[in-house]
Amino acid sequence: VHAGGKTAKMIKTAREVNTYKTEWAIEKIKNAALTFEAQKAKVACMGLAFKPDIDDLRESPALYIARRLKADGLDILAVEPNIESHEELEIIDYRKALEEADIITFLVAHKEFKNIKTDFCGVMLNLIGRTKELFYDDIKNHDKELRKIVSSSSFLVIGGAGSIGQAVTKEIFKNFMLLISLRIIW
């Protein structure tokens, strides 16, 4: 970003938005915890990884949120189905977290969390932000036009690790694989 100067405005803005979203989530959880005046609220942080269904916690906003909440004095129930232990947080099974938590906050959309059914009567915060796949409506509504465009195109995919890049790449492979020539650079 620094080397790009004025040409890196979009990257800088994306980072600012991501930082704001993390701080927004922390405040939302802390405000929910204020309703538990007589006791210290137990907060289940559902997911700590950088993105769904992986064990990579490097630079994870969800892990940052859990750490901040713990540092701010909240009782954290850390749930991460893709790791067995963590040096700072005790990792527990999501079923145990559902039983013990006063507040449940979904931070990462792991497959284990998709069909959770519970009679939980505390505060449930879904901070993931979406309930169906990215671009679902657009692909459904413009399928015919997209197939025409994709069938006469070539694609160069660079990156694809973030949620948007991952969703685009997944949709290209899933829906249009027979129609395209795809070059991937790692």
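These numbers come from the heavy atoms of this one structure, side chains and all, not from hydrogens, waters or symmetry mates. Quantities reported herein were computed from a predicted structural model and do not represent experimental measurements.
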So do [Y] and [X] actually touch side chain to side chain, heavy atoms under 4.5 Å?
{"X": "E88", "Y": "R67", "value": "yes"}
{"X": "C45", "Y": "F106", "value": "no"}
{"X": "F113", "Y": "P52", "value": "no"}
{"X": "L89", "Y": "L63", "value": "yes"}
{"X": "I65", "Y": "T22", "value": "yes"}
{"X": "L77", "Y": "M46", "value": "no"}
{"X": "T105", "Y": "K28", "value": "no"}
{"X": "V79", "Y": "I91", "value": "no"}

So, taking the atom named [atom1] in [X] and the one named [atom2] in [Y], what distance separates them when rounded to the nearest 0.5 Å?
{"X": "I54", "Y": "L57", "atom1": "CD1", "atom2": "CG", "result": "8.0 Å"}
{"X": "L69", "Y": "I76", "atom1": "CG", "atom2": "CD1", "result": "4.5 Å"}
{"X": "L74", "Y": "I29", "atom1": "CG", "atom2": "CD1", "result": "8.5 Å"}

Heavy-atom count check: over 12 atoms from other residues, nucleotides or ligands less than 6.0 Å from E84 CD?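 Counting other residues, nucleotides and ligands, CD of E84 stays at 12 neighbours or fewer.
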Partners of [X] by side-chain contact (heavy atoms from CB on, under 4.5 Å), sequence neighbours excluded?
{"X": "A41", "answer": "A33, F36, D102, I103"}
{"X": "R68", "answer": "E23, I26, Y64, D72"}
{"X": "E59", "answer": "none"}

Can you name the nearest heavy-atom pair linking E80 to A49, along with the distance?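 Where E80 meets A49 most closely, the heavy atoms are OE1-N, 2.9 Å.
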Between G47 and A62, what is the shortest heavy-atom contact and its length?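 Minimum heavy-atom separation between G47 and A62: O-CB, 3.5 Å.
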[X]: partners by salt bridge (charged side-chain N to carboxylate O under 4.0 Å, His left out), with sequence neighbours left out:
{"X": "D55", "value": "none"}
{"X": "E27", "value": "K30"}
{"X": "D56", "value": "R58"}

Short question: side chain of [X], backbone of [Y] - any donor-acceptor pair under 3.5 Å?
{"X": "H110", "Y": "D53", "result": "yes"}
{"X": "D75", "Y": "K40", "result": "no"}
{"X": "K21", "Y": "P61", "result": "no"}

